[in-house]
Amino acid sequence: MQRLSICVVFVVLASTVHAEDYTTTWVDIGQSVDIYWEYNLSGRAFIVADVGGTPACLDYWWVAWPFGQVIDEGNACGRATFELPGVSSFAFGGTLRAGHAASKTRVRGTSDERIAHRIPDISF
């Protein structure tokens, strides 16, 4: 009797992030929210803030890790681009925050990022 073996092969393709792939966050009056978080990455975060399709102004700042330093990015209206904090600002990661909305504001964002530092494998 012959045995029949069937092999099933699944092909997994790595997907890339497209400009259409963005996250949406809402900022209420008097609230500050985390809109982007990164660790060991370099690149840029692209943000658009609006109220009903009209550009809105928000204050932006990074909380850089591991020391928790605050990097003020200032006030931006509508579209904004932010460099991810890195070694030059003594950061290994960070959280981009937005706040001081005049009304409930929609914030959409995406990023262009890559690994900043390779961490060597350590075996024991």
Side-chain angles (χ1 to χ4, degrees):
M1 174 189 224
Q2 287 186 345
R3 239 170 112 159
L4 179 63
S5 297
I6 298 175
C7 288
V8 178
V9 177
F10 292 95
V11 177
V12 178
L13 300 174
S15 64
T16 58
V17 176
H18 300 283
E20 305 88 41
D21 298 334
Y22 57 85
T23 59
T24 301
T25 306
W26 292 89
V27 182
D28 289 321
I29 297 172
Q31 179 187 35
S32 63
V33 297
D34 295 347
I35 57 173
Y36 179 81
W37 184 87
E38 63 91 6
Y39 179 75
N40 193 24
L41 296 176
S42 62
R44 294 178 301 246
F46 305 98
I47 307 297
V48 177
D50 72 284
V51 175
T54 303
C57 299
L58 293 170
D59 289 337
Y60 297 94
W61 64 96
W62 287 100
V63 177
W65 303 108
F67 303 113
Q69 78 186 68
V70 175
I71 303 169
D72 184 18
E73 293 288 353
N75 185 280
C77 300
R79 298 179 185 272
T81 302
F82 303 103
E83 292 292 325
L84 278 55
V87 174
S88 62
S89 56
F90 302 105
F92 203 67
T95 303
L96 180 62
R97 291 191 177 154
H100 301 110
S103 61
K104 186 170 184 166
T105 304
R106 175 177 61 176
V107 180
R108 291 175 291 159
T110 188
S111 60
D112 175 21
E113 55 199 23
R114 60 203 158 280
I115 294 179
H117 308 283
R118 293 269 179 220
I119 300 172
D121 292 332
I122 299 173
S123 303
F124 294 97

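Looking at every heavy atom in both residues, G94 comes nearest to P85 through CA-CG, 4.5 Å. Considering all non-hydrogen atoms of both residues, V27 and A98 come closest at CG1-O, 4.4 Å. Counting all heavy atoms, side chain and backbone alike, I29 lies closest to A102 at CD1-O, 3.4 Å.
Looking at I47 and L96, their side chains come closer than 4.5 Å, going by heavy atoms from C-beta outward.
More than 12 non-hydrogen atoms from other residues, nucleotides or ligands lie less than 6.0 angstrom from CZ of R108.
Counting only residues at least two apart or on different chains, the disulfide bond (SG atoms under 2.5 Å apart) pairs with a member in residues 27-82 are C57-C77. For the side chain to side chain donor-acceptor pair (under 3.5 Å) condition, the pairs that include at least one residue of residues 48-64, sequence neighbours left out, are D50-R106, D59-N75, D59-H100, W62-E73.
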### Query
Do L84 and Y36 pass the side chain to side chain contact (heavy atoms under 4.5 Å, CB included) test, and can you show the C-alpha distance, the side-chain angles, and the key distance before you say yes or no?
CA-CA 10 Å; L84 278 55; Y36 179 81; 3.6 Å; yes
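Qualifying side chain to side chain contact (heavy atoms under 4.5 Å, CB included) partners for T25, counting only residues two or more places apart in sequence or in other chains: V33, I35.
Side-chain heavy atoms closer than 4.5 Å link hydrophobic residues (I, L, V, M, F, W, Y) into clusters, and following such links, possibly through other members, connects I71 to F82. One hydrophobic cluster, built from ILVMFWY side chains closer than 4.5 Å, cannot hold both L58 and W26; they sit in different ones.
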